[in-house]
Amino acid sequence: NSTTWRLEGVEIVNPNHLGDAGTSNGRPSVSGGGVNILSAQLLGTSNFYSSVFPVEYGNAVGGIMDMRFRNGNDEKHEFTAQAGLVGFDFSAEGPLSKSKGISYLVNYRYSFVGLLTAMGVDFGGVAISFQDAAFNVKVPLGENSILKVFGMGGISENVFTGTDNPDEWKVDKDKFNINFTNKMGAIGASYSTTIGDNLNAKFTTLTSAVATNKRSDLRRNSPIGTAIWEGWAYDSLLHRKIALHVNFDYKLNAKNQFQFGFSGVEQLFDVSTKNYRDRSLGRDAGWLLGDYFQWLWQPINLIRLRLGLHYSYFTFSETSSIEPRASIEWQASLNNRFSFAYGLHSQLQPGQIYFVSSSSPISNKSLDFSKSHHFVLNYTRDLGTRSKLSFEAYYQSLFNIPFYQSVNISSTYSGISALNYQSDFRQLTMENKGTGRNYGIEANWQTFLSKGYFFLANTSLYKSTYKNQF
């Protein structure tokens with residue numbers, strides 16, 4: 001839950017098929033999933049940030065994936081069909097107006113395992129299917145402005161049918177019938193323009209939502225050795241975001257550049273869990289407001305210094321966070337670079353933590369942001385013009401983490417931390433007293449696309465810990 005997703009720079013809901021599906025105890029969650037709804041056929045230059053995020057990014061302590069659409073061909077029409085283990089992919093692109101440079105890009109995909117399931121192939125009692133579609137339309141408006149309209153959506157299902165014969169129950173999941181469904185959609189538009197010689201502006205608005213449901217029916221072994229139904233459980237999660245993001249880049253001169261902007265994201269949570277005995281639910285919304293500013297200073301050609309500040313305020317819990325960011329980069333020689341960066345980052349809590357029950361006096365509404373200090377040291381060596389080698393060491397100190405302390409602090413399981421919290425909906429009052437640490441090293445060798453191929457190799461060594469007591 002510590003990673004957030006963005007589309008064209010704007011925060012969106014989980015854009016993956018079947019988050020946390022496939023097990024007897026899997027629950028609807030705000031993250032996870034094995035297949036992204038946006039096909040690689042449509043991806044442009046996208047970025048994954050694992051630590052010390054750029055100043056415009058907030059609401060994440062673990063990582064940020066910012067997906068970007070590529071533009072369609074504005075000179076000629078092209079059609080692509082692709083078959084693979086993920087699915088059957090069909091895309092089309094081309095000009096809507098050659099004279100004006102207007103282009104389109106559209107894609108549809110259907111899962112390969114879904115087709116095999118429909119043909120009768122057995123995957124251990126599991127029937128998995130998904131399909132998705134996406135589009136991007138680019139409209140140039142004069143010489144200095146571009147309008148884009150884009151969207152994506154997908155539906156998926158994971159159905160497991162257990163057995164009525166107790167002798168065939170090899171794992172706990174065999175006792176269940178499970179139906180897990182997921183629906184996700186997003187649509188948005190962006191307008192970018194150049195004002196004068198030194199100012200670039202971009203305005204983006206986007207709405208996204210995901211609805212995930214799971215029903216489990218449980219059998220148990222009767223005294224006479226036959227299976228009887230014990231009960232049922234139903235979980236649902238609706239997560240919606242309505243977002244606006246405005247960004248400005250201003251170049252004062254060759255040594256000084258500034259970036260500033262603001263964002264607003266309405267977060268709607270509607271979560272519930274109920275079974276044949278109990279029921280818990282919660283529904284509410286709030287605006288996550290953010291402002292940021294960054295100064296890029298290059299005192300000499302070999303050194304670049306960034307100083308920034310990000311501010312967040314969440315209207316639902318009436319909590320705020322002020323987050324400084326800083327980095328320095330030294331070009332030691334033509335092919336060698338060193339950099340060091342620091343950032344304070346924060347993130348909202350999942351809806352399952354904010355809302356514990358509509359009928360219980362227990363409430364986590366006033367919980368503050370989870371926070372983390374990030375430190376990164378990097379060395380990069382360019383290996384010619386086509387490849388590079390980099391080494392990175394990082395340390396993350398997490399604090400202000402929601403934590404529940406058990407009455408019996410001497411027990412082996414003495415508390416619950418949001419750092420190790422997946423998707424349960426528990427009636428527990430939590431406090432921002434938890435801590436944790438992530439640290440490690442990483443090596444990366446990358447060869448850029450040339451002559452029809454590229455290469456990427458990566459290795460990591462890390463450790464993640466959290467405290468299970470105050």
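What you see below is based on every heavy atom in this structure, not just the backbone, and it leaves out hydrogens, waters and symmetry mates.
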Closest non-hydrogen atom pair, [X] against [Y]:
X: D66; Y: G9; answer: OD1-N, 3.0 Å
X: Y234; Y: R215; answer: CD1-CB, 4.0 Å
X: N36; Y: L38; answer: OD1-N, 2.8 Å

Between [Y] and [X], is there a side-chain heavy-atom distance shorter than 4.5 Å?
X: N400; Y: S370; result: no
X: R109; Y: V35; result: yes
X: S190; Y: F203; result: no
X: I37; Y: N16; result: no
X: H374; Y: F53; result: yes
X: E392; Y: V376; result: yes
X: R337; Y: D382; result: yes
X: L456; Y: T447; result: no

For this session: Could you check S103 against E93 for side chain to side chain donor-acceptor pair (under 3.5 Å), going step by step and ending with a plain yes or no?
Result: CA-CA 7 Å; S103 66; E93 59 184 295; over 6 Å; no
Just by distance, with hydrogens left out, do [X] and [Y] show a side-chain donor and acceptor under 3.5 Å apart?
X: N247; Y: Y292; value: yes
X: K148; Y: N71; value: yes
X: D235; Y: N213; value: no
X: S145; Y: Y191; value: yes
X: H345; Y: S372; value: no
X: D89; Y: Y108; value: no
X: T193; Y: N144; value: no
X: Y379; Y: N336; value: yes
X: T4; Y: N59; value: no
X: T212; Y: N182; value: yes
X: N378; Y: T380; value: yes
X: E323; Y: S321; value: yes
X: E442; Y: N458; value: yes
X: H239; Y: Q267; value: yes

Problem set entry | Residues forming a side-chain contact (heavy atoms from CB on, under 4.5 Å) with R437, sequence neighbours excluded | Y395, Y439, T465
Exercise. Would you say S46's side chain and R68's backbone share a donor-acceptor pair under 3.5 angstrom?
Worked result: yes
Problem set entry | Any donor-acceptor N/O pair, Q331 side chain to S333 backbone, under 3.5 Å | yes
Would one find more than 12 heavy atoms of other residues, nucleotides or ligands at under 6.0 Å from atom [atom1] of [X]?
X: K183; atom1: NZ; answer: no
X: I300; atom1: CD1; answer: yes
X: W445; atom1: CH2; answer: no
X: F448; atom1: CZ; answer: yes
X: I195; atom1: CD1; answer: yes

If I take atom [atom1] from residue [X] and atom [atom2] from residue [Y], how far apart are they, to the nearest 0.5 angstrom?
X: S208; Y: W5; atom1: OG; atom2: CH2; answer: 13.0 Å
X: S51; Y: N438; atom1: OG; atom2: CG; answer: 9.0 Å
X: L367; Y: S317; atom1: CG; atom2: OG; answer: 8.0 Å
X: T3; Y: Y49; atom1: OG1; atom2: OH; answer: 14.5 Å
X: T459; Y: F391; atom1: OG1; atom2: CZ; answer: 10.5 Å
X: F293; Y: F262; atom1: CZ; atom2: CZ; answer: 15.5 Å

For this session: Can you run down the salt bridge (charged side-chain N to carboxylate O under 4.0 Å, His left out) pairs that involve residues 32-59, sequence neighbours left out, and say none if there aren't any?
Result: none
For this session: Would you mind telling me which of W295, Y311, Y250, F248 makes a ring pair (Phe, Tyr, Trp, His ring centres under 6.0 Å) with F260?
Result: F248
Exercise. Do the rings of Y342 and F375 sit parallel, tilted or perpendicular, given the 30° and 60° boundaries?
Worked result: tilted
